[in-house]
2 protein chains.
Amino acid sequence: MTTIREIAKMLGVSFSTVSAVINNRQYVSAAMRSRVEKALRDANYQPNSIARSLRLRESRTIGLIVPNLGDPFYSSLMRGAEDYLCSVGYRMIVAESREDWKRQQDYLTSFSGMITDGIILATCGATDEQIATLPDIVRGAPLVYVDRCPLESKGISVSVDNVQAASDATQYLIGLGHERIAIITGPLNVLNASERFKGYKSTLRVHGIPLDRTLVRAGDHTEDSGYWHGSELLGLANRPTAVLGCGLLITLGVLAAIREKRVACPQEISLIGFDDFAWSTLLSPALTMVRQPAAELGAAAAKAVLKRMREPDQNMVDKVLLPTQLMIRESTAPPAQRNPTPK
Amino acid sequence: MTTIREIAKMLGVSFSTVSAVINNRQYVSAAMRSRVEKALRDANYQPNSIARSLRLRESRTIGLIVPNLGDPFYSSLMRGAEDYLCSVGYRMIVAESREDWKRQQDYLTSFSGMITDGIILATCGATDEQIATLPDIVRGAPLVYVDRCPLESKGISVSVDNVQAASDATQYLIGLGHERIAIITGPLNVLNASERFKGYKSTLRVHGIPLDRTLVRAGDHTEDSGYWHGSELLGLANRPTAVLGCGLLITLGVLAAIREKRVACPQEISLIGFDDFAWSTLLSPALTMVRQPAAELGAAAAKAVLKRMREPDQNMVDKVLLPTQLMIRESTAPPAQRNPTPK
DNA sequence: TTGTATGCGTTATCAT
DNA sequence: ATGATAACGCATACAA
């Protein structure tokens, strides 16, 4: 690591002259400028970004924390965010909380300790007490929630209209003639999960279908969770005719269970998943899914942190909602048993 | 952001005393210690990690740069790396080069500017000239290559025995009776791609099968690339009976082409892919794949950087190779046309 | 036009 | 046991 002082010493000039060259101050003589520039090149000088951030109080990098980088939904989301950030001269670094509050907290404090200028967070599930400590953890660092925000979120969040999305999916299944519709939710202390559940419940109610508690399962956004709840659901004496998986991994787990038990999908059971991803159509069967505009969510969140950084109104609250789309494919069909009334 | 000085001022003590408490210096009186500690808690003090790294010349975080975070192979790899790093008290941040040298270089210089203590790099494709500039870019920062290393890599790398792996796959296809075996490689200026191609060629040669240039395609690790090369191969008058996709995304692209053209797999065409991933069995057909131990690769790379940091021998060269495994599933079968000689 | 001094928030050495 | 001071590498206001 060559420093600005070393360069200056080599040239026999003051280090502030070197600094002036680097920062394009106008009043450096042309001769001096080119001498310094040459030395800079020769020594392969790169400014020490740590020292720079300390002095300038900015790093021009944004931190993104997601629960699971193995989930294609977050891959797309982060790509959308990074594309936007790069286009406006920012860098992005990402960390994975692994659905673990401890780890999330660790990265949060690390990021908020001036490593990043702002934070985009898709939170892991958390208790109310944990959530309450969030402000203390980020200590005023610009933060926006994306996709998943805590139940009691004040600040800024960008997500999808989850109750509408879940309602659409449920509605579609009911339209196909389903009445025994199971749901596997994410952790209910996260807003998107509770909203999806709400959309499901209300749509059922509107159609006069009673809520059957044996058909609602709280999962945890892992494939395993989908697999186990799916297996149990399939093993039920009075098996559901359709299941709604409130997350990509959960849904893939359900699909694994369905295939393992050799239950015909969609003939014997319909499956709708959340999030969608690039390879949905390559699965067997191709999955009907609620598509979230993942990249757009990421970009919107990125835009939002940047805005939040410029307007440090601590109490600003803003929720941006993006539309979803039901991608109808091969995993849904009218139920087999009763006479279907397909829409 | 409360600073050490502010705490000191509030307490009317010297800031170096506060620092002494924070850093557990022994010679602080119990009374003073508890007074300071209370103030620290009350103010929700967190050390400024930037200032800390500047002073200590270490950040206890490792940077990982991958070409594509949407590739499940890298998701697993990074998880393996992070698990290991966390277990020994390090953090990990990741950046995505998007197969773009410019972006990779940017993150590389950023990371090497003291933001991270070490770097794990799965490089994007690059020209020899670009590779030659790498040492200047990282400026002595501890670096290890993982999965993908440049053709002329001196340093340390951890990967899989790619020639062996490609050879195994080719061998298996030949054993099934295939002779017209196509290959879609990654960028050939990256070692793993060229090695896989080498393994393919040599195995063909050993069995006296001439290399047909129309069957070898250089792809670029995108699904699109797999899709287009796959489509062309399927459109050939003398169509191959098997194809070897040298990357997960490439292989999924080929599968998309196969399904779109409604070619029966494996009856009319066999497909083997590289990398494997969690949902291979949910695809239709379930894909036969060369499994790389992705998480182990990540962990080994993490271990290697840490070691490299302790032993700053600039010229150390070390290649650790992990074994692969051929996961035989439903996408491979003897060729239809001629009389198969299944092994 | 160039050089000197100061501070960003730490940690660490040395006086007191 | 506590406090003053320097240093990490940089940027900048101000003096020369």
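Numbers restart at 1 for each chain; the letters A, B, ... are given by sequence-line order, proteins then strands. If you're wondering where the values come from, they're calculated on a predicted model, not measured in any experiment.
- Nearest heavy-atom pair across B:E99 and B:G125 is OE1-N, 4.0 Å.
- A donor-acceptor pair is defined here as one N or O able to donate and one able to accept, closer than 3.5 Å; no such pair exists between the side chain of A:S19 and the backbone of A:F15.
- The distance between atom CG of A:L11 and atom C1' of C:dT2, rounded to the nearest whole Å, is 13 Å.
- Near DNA chain D, meaning a heavy atom under 4.0 Å away, the residues from residues 20-33 of chain A are A:N23, A:R25.
- In this structure a side-chain-to-backbone donor-acceptor pair under 3.5 Å is missing from A:Y74 to A:A294.
- Note on B:D83 versus A:R103: salt bridge recorded, some NZ/NE/NH1/NH2 to OD/OE distance being below 4.0 Å.
- The base of C:dG3 sits within donor-acceptor range of the side chain of A:S16, with an N or O pair under 3.5 Å.
- Rounded to an integer number of Å, the gap from CD1 of B:I7 to C1' of C:dG9 is 13 Å.
- Under a 3.5 Å cut-off, the side chain of B:S59 and the backbone N or O of B:I115 do form a donor-acceptor pair.
- Rounded to whole Å, atom P of D:dA4 lies 9 Å from atom CZ of B:F15.
- Out of D:dC10, D:dG3, C:dG3, the shortest distance to the side chain of A:R5 is found at D:dC10.
- Here the side chain of B:Q46 pairs no donor or acceptor atom with the backbone of A:T109 at under 3.5 angstrom.
- In this structure, the CD1 atom of B:I115 is 16 Å from the C1' atom of D:dC8, given to the nearest Å.
- Within residues 39-58 of chain B, the residues approached by DNA chain D to less than 4.0 Å at the level of any non-hydrogen atom are B:L54, B:R55, B:R57, in residue-number order.
- Not a single donor-acceptor pair under 3.5 Å links the side chain of B:T123 to the backbone N or O of B:P150.
- An OP1 or OP2 oxygen of C:dT11 is reached within less than 4.0 angstrom by a side-chain nitrogen or oxygen of B:S19.
- Between the side chain of B:S110 and the backbone N or O of B:D106 there is no donor-acceptor pair closer than 3.5 Å.
- Look at CE on B:M114: it is 14 Å from P on C:dT11, rounded to the nearest Å.
- Under the 3.5 Å distance criterion, the side-chain polar atoms of A:S112 are left unmatched by any main-chain donor or acceptor of A:R139.
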